[in-house]
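Below: the structure, in structure tokens.
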Amino acid sequence: MSVIISLPDGSKREYPAAISALNVAMDISPRLADAALAAEIDGKMCDIGTIIDHDSELVIHTFKTPQGQELYWHSTAHLMAQAVKQLWPEVKVTIGPAIEQGFYYDFDRDEPFTEDDLAKIEERMKELSAQDLPYSRRELSKAEAISIFDKMNESYKIEILSEIPDDQVISTYTQGDFIDLCRGPHIPSTGKIKAIKLLKSSGAYWRGDEKNKMLKRIYGISFPSNKELKEYLAFLEEAAKRDHRKLGKDLDLFSINDEVGPGLVLWHPNGAMIRHLIETYWKDTHLRNGYKLIYTPHVGRSNLWQTSGHLGFYKENMYAKMDVEGQDYYIKPMNCPFHLSIYNANHHSYRELPIRLAELGTVYRYERSGVLHGLMRVRGFTQDDAHIICTPEQVSDEVEKLIVFSLDMLKSFGFKEFMIYLSTKPEAAVGEDADWEMATNSLKASLNKLGLEFSVDEGGGAFYGPKIDIKIKDAIGRAWQCTTIQFDFNLPERFDMQYIGADNQAHRPYMIHRAVLGSVERFFATLLEYHGGNLPLWLAPVQMMIMPITDAQLDYARALQEKMLARGLRCEIDTRSEKIGYKIRDAEMKKIPYMCIIGKKEAEEESLTLRRHTQGDLGSMSFEDAITKINSEL
RNA sequence: GCUCAAGUAGCUCAGUAGGUAGAGCACAUCCUUGGUAAGGAUGAGGUCACCGGUUCAAAUCCGGUCUUGAGCUCCA
């Protein structure tokens with residue numbers, strides 16, 4: 001009985017009898033066999049040693065495929081657990097999955113793992129890797145599994161087992177003296193894990209629930225070669241340099257201080273200038289795209305929040321009420337109720353729709369202290385908020401415009417890669433099914449029409465409507481939400497919003513709630529990290545520094561500055577009595593895009609010498625040539 | 001909010017058998033007027049996060065509070 005195996009490149013191989021995936025890999029090339037970590041047989045992930053006894057499609061996974069990496073890191077997590085159990089037998093193991101970059105394992109241990117502990121564990125892992133222990137799979141019944149882990153006093157494993165259906169086949173993986181409950185598959189042996197680095201330890205709740213016990217988590221990463229590990233560590237180092245908190249301090253952009261309060265941002269002049277430029281651009285773009293700008297108060301009476309429902313479902317995130325002449329007021333965590341109040345101030349005809357109300361609205365939310373993070377998570381922030389109120393017929397057109405509008409705006413700040421998510425109806429939701437369907441479909445249809453790739457988060461929508469989120473990555477690959485486009489079936493109802501249709505009847509409009517940048521603070525942070533502090537010329541707070549070689553050129557420098565300012569360039573002069581090298585170094589470190597150096601020669605010729613940050617000397621030229629050159633970059 | 005770690009000059013950091021603080025950069029003044037990433041001298045600058053305790057004596061040891069960081073959880 002022969003076995004025909006189809007490979008991803010479309011080729012087929014025939015074998016006279018059943019054969020292991022590893023042997024097929026060997027047959028293709030010994031190098032592949034060496035790199036092989038697991039097999040995907042007819043779409044199912046299996047150990048590389050799995051015997052194939054019928055015609056199948058086979059994919060061999062190595063560290064080069066995402067699935068291969070995942071297994072590799074998962075197996076490394078097992079290796080780490082083995083090392084920990086050998087060093088501290090009393091520690092209980094819980095779970096240890098692979099994550100996007102590496103793996104972690106949660107342990108139940110009273111004392112935290114110290115730096116020294118991590119080093120010890122890493123050392124032991126290397127020893128175990130050198131022993132090249134095979135990961136061997138064993139299938140057994142639930143009862144058998146329970147008895148094994150019960151003997152080892154691994155109560156967390158018992159808890160996991162107790163939740164698995166009785167008839168399901170349970171598998172364990174053993175390497176050396178370590179046995180773990182695991183679905184698998186795993187890499188063939190510990191020897192494949194060549195380079196290991198344990199990165200940090202921290203606390204984590206059992207099953208992510210803060211009512212449960214706090215476990216001790218260790219994060220790590222591993223690679224098939226030291227070279228790859230080194231590259232990864234270098235990447236982390238590079239990323240740290242781009243951290244917006246560091247750049248914010250170095251470039252004197254913003255600060256957050258204890259006296260003022262955590263999560264509340266102070267914008268210094270340089271940061272404020274960048275923010276001003278972002279906001280001005282934002283307003284212009286919105287006006288050009290049919291939005292109306294509005295302004296609304298920072299506080300509002302409690303009945304407003306009663307109507308909106310925020311006091312019911314959002315109270316935990318709101319600051320405590322304040323008393324104003326016996327009335328309760330709240331500082332706003334959202335802009336929507338104000339925007340809707342503006343809509344409701346007048347009667348509206350279907351002829352006016354869509355109405356697009358936009359505001360850079362500053363909101364305050366009480367965030368738990370542990371979640372604050374630079375400008376990314378703060379307690380007071382400005383949403384680039386807008387509400388689009390339209391008729392059912394206008395919905396898909398509006399959604400499509402909105403997606404294009406959002407992506408265009410993000411692109412104009414230099415961003416190129418986005419992750420798009422579509423979130424659909426959750427279990428508990430308000431609104432008619434027909435509305436949900438119509439809204440979700442128009443979101444999906446628009447994304448498809450625009451040829452955009454997106455992932456669907458089934459049931460991930462807000463209770464009041466489906467949404468599209470666009471995320472941007474920060475320096476170390478963490479994704480942060482910027483754009484959110486959300487349907488809202490809740491507030492139009494609660495605020496009894498209406499428009500008069502062609503039939504002279506009152507109708508309920510559709511409402512889309514959206515933010516493109518998300519919040520100015522978060523966007524500013526991602527922008528800064530994305531550009532590593534080297535902002536595009538149009539966003540640089542100081543675009544040019546004029547540097548006279550000696551004091552003799554000061555007058556010429558001032559005249560030049562005036563001419564630059566008149567042409568709209570943000571330009572300053574370094575008048576300090578320092579050498580040119582010193583001034584240049586200073587301007588380079590402040591990441592000022594253009595340096596304009598003038599000495600005796602330039603003053604006599606009425607010319608200037610330009611230098612571009614990150615590029616160096618551009619040579620001497622006339623004032624007009626310099627302006628032309630600079631303008632070409634704007 | 002929880003776990004762990006940390007908080008010393010504007011910034012980056014030294015400072016443990018407890019004995020009332022130190023460097024570099026930045027800043028000020030003076031000298032120097034020097035052509036593409038740090039010229040020299042002098043000086044000023046600190047309630048060692050805050051509150052309490054132990055001690056003859058606390059940046060240092062103990063307790064509490066605040067803040068920051070890494071996570072958990074949550075979100076723009």
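Side chains are part of it too, since the values below use all heavy atoms of this structure and drop only hydrogens, waters and symmetry mates. Sequence lines set the chain letters: A, B, ... in the order given, protein chains first and strands last, and positions in each chain run from 1.
- In this structure, A:L236 places its CG atom 18 Å from P of B:G69, rounding to the nearest Å.
- Considering only heavy atoms from C-beta on, A:Y464 stays 4.5 Å or farther from A:L491 through its side chain.
- For the pair A:R612 and A:Y594, the cation-pi criterion (under 6.0 Å, within 45° of the ring axis) is fulfilled.
- Distance, A:R585 CZ to B:C25 P: 10 Å, rounded to whole Å.
- If you check every strand for non-hydrogen atoms under 4.0 Å, A:G599 touches a base.
- Applying the Watson-Crick and G-U wobble criteria (two distances, each under 3.5 Å), B:G24 pairs with B:C11.
- When side chains are defined from C-beta on, A:L251 does not count as touching A:N270, because their heavy atoms never get closer than 4.5 Å.
- Of the candidate nucleotides B:C72, B:G34, B:C74, B:C74 has the atom nearest to the side chain of A:R377.
- Protein atom CD1 of A:I218 is 13 Å distant from nucleotide atom C1' of B:G71, rounded to whole Å.
- At a cut-off of 3.5 angstrom, counting only N and O atoms as typed in the model, there is no donor on one side facing an acceptor on the other between the side-chain of A:Y366 and the base of B:G1.
- If you measure from atom CG of A:D117 to atom P of B:A5, you get 12 Å, rounded to the nearest angstrom.
- Counting any heavy atom pair closer than 4.0 Å across all strands shown, A:Q481 reaches sugar-phosphate atoms only and no base atom.
- Figure legend. B:G45 is base-paired to no nucleotide; pairs are counted as Watson-Crick or G-U wobble with both atom distances under 3.5 Å.
- Contact annotation: side chain of A:R611 to base of B:A37, donor-acceptor pair present below 3.5 Å.
- Base pairing of B:G71 is made with B:C2, judged by Watson-Crick or G-U wobble geometry with both donor-acceptor distances under 3.5 Å.
- The CG-P distance, from A:L247 to B:C11, rounds to 16 Å in whole Å.
- A cation-pi contact links A:K200 to A:Y219, judged by a cut-off of 6.0 Å to the six-membered ring centre and 45° from its axis.
- Note on A:G208: only backbone sugar-phosphate atoms sit closer than 4.0 angstrom, heavy atoms only; bases stay farther off.
- Outside the 6.0 Å centre-distance limit, the rings of A:F524 and A:H244 are not counted as a close aromatic pair.
- Contact annotation for A:V520: no contact, since no heavy-atom pair falls under 4.0 Å across all strands.
- Distance noted for atom C1' between B:G19 and B:U55: 12 Å (whole Å).
- When both pairing distances are held under 3.5 Å, B:C30 makes a Watson-Crick or G-U pair with B:G40.
- Residue A:R245 has a polar side-chain atom (N or O) positioned under 4.0 Å from OP1 or OP2 of B:A70.
- The nearest heavy atom of RNA chain B to A:I584 and to A:Y314 marks one nucleotide each, and the one closer to the 5' end goes with A:I584.
- Not a single donor-acceptor pair, N or O on each side, falls under 3.5 Å between the base of B:C2 and the side chain of A:R368.
- Counting to the nearest Å, the P atom of B:U73 and the CH2 atom of A:W206 are 13 Å from each other.
- Within the 4.0 Å cut-off from OP1 or OP2 of B:A70, at least one side-chain nitrogen or oxygen of A:H373 is found.
- Rounded to whole Å, atom C1' of B:G34 lies 14 Å from atom NZ of A:K600.
- Side-chain proximity of A:Y582 to the nucleotides B:C74, B:G71, B:G39 is greatest for B:G39.
- Across all strands, A:S201 comes closer than 4.0 Å to no nucleic acid atom at all (heavy-atom distances).
- As judged by a 4.0 angstrom heavy-atom cut-off over every strand, A:E578 is placed among the base-contacting residues.
- A:L610 places a side-chain heavy atom less than 4.5 Å from the side chain of A:M544.
- Both the sub-6.0 Å distance and the 45° axial angle are not jointly satisfied by A:K211 relative to the ring of A:Y205.
- Nucleotide B:U16 has no partner under the Watson-Crick or G-U criteria, as no pair reaches both atom distances under 3.5 Å.
- For A:K200 and B:G71, the shortest distance from a side-chain N or O to OP1 or OP2 is below 4.0 Å.
- The P atoms of B:U36 and B:A41 are separated by 23 Å, rounded to the nearest whole Å.
- Within the 4.0 Å cut-off from OP1 or OP2 of B:C4, not a single side-chain nitrogen or oxygen of A:R217 is found.
- Taking atom CD1 on A:I597 and atom P on B:G35, their separation rounds to 12 Å, with Å as the unit.
- At a cut-off of 3.5 angstrom, counting only N and O atoms as typed in the model, there is no donor on one side facing an acceptor on the other between the side-chain of A:S577 and the base of B:U33.
- Residues A:K583 and A:G261 each lie close to RNA chain B; by heavy-atom proximity, the contact nearer the 5' end of the strand is made by A:K583.
- Scanning atom types as modelled, no donor and acceptor separated by under 3.5 angstrom connect the side chain of A:E259 and the base of B:A49.
- An aromatic stacking contact between A:Y219 and the base of B:G71 is absent, as defined here by ring centres under 5.5 Å apart and ring planes under 30° from parallel.
- Using a 4.0 Å heavy-atom distance criterion, A:L372 is classed as a sugar-phosphate-only contact.
- For the P atom pair drawn from B:G18 and B:A59, the interatomic distance equals 13 Å after rounding to whole Å.
- Side-chain atoms of A:R522 come within donor-acceptor range of the base of B:C75, with a qualifying N/O pair under 3.5 Å.
- For a distance-only test at 3.5 Å, the side chain of A:S519 qualifies as a donor-acceptor partner of the base of B:A76.
- A:G374 comes within 4.0 angstrom of sugar-phosphate atoms only, judged by non-hydrogen atoms across all strands, and of no base.
- Among the protein residues, A:D258 comes within range of the sugar-phosphate backbone only, with heavy atoms under 4.0 Å from sugar or phosphate atoms but none that close to a base.
- The aromatic rings of A:F254 and A:W267 sit tilted, their planes meeting at an angle between 30° and 60°.
- Within the structure, every side-chain polar atom (N or O) of A:K246 is placed at least 4.0 Å from both OP1 and OP2 of B:C11.
- Under the Watson-Crick or G-U wobble criterion, with both distances below 3.5 Å, B:C61 is paired with B:G53.
- Judged by atom type and distance alone, A:E602 reaches the base of B:G35 through a side-chain donor-acceptor pair under 3.5 Å.
- Cation-pi geometry between A:K332 and A:F338 is met: the NZ or CZ atom falls under 6.0 Å from the ring centre, inside 45° of the normal.
- Looking at heavy-atom distances under 4.0 Å, A:R576 makes contact with sugar-phosphate atoms alone, never a base.
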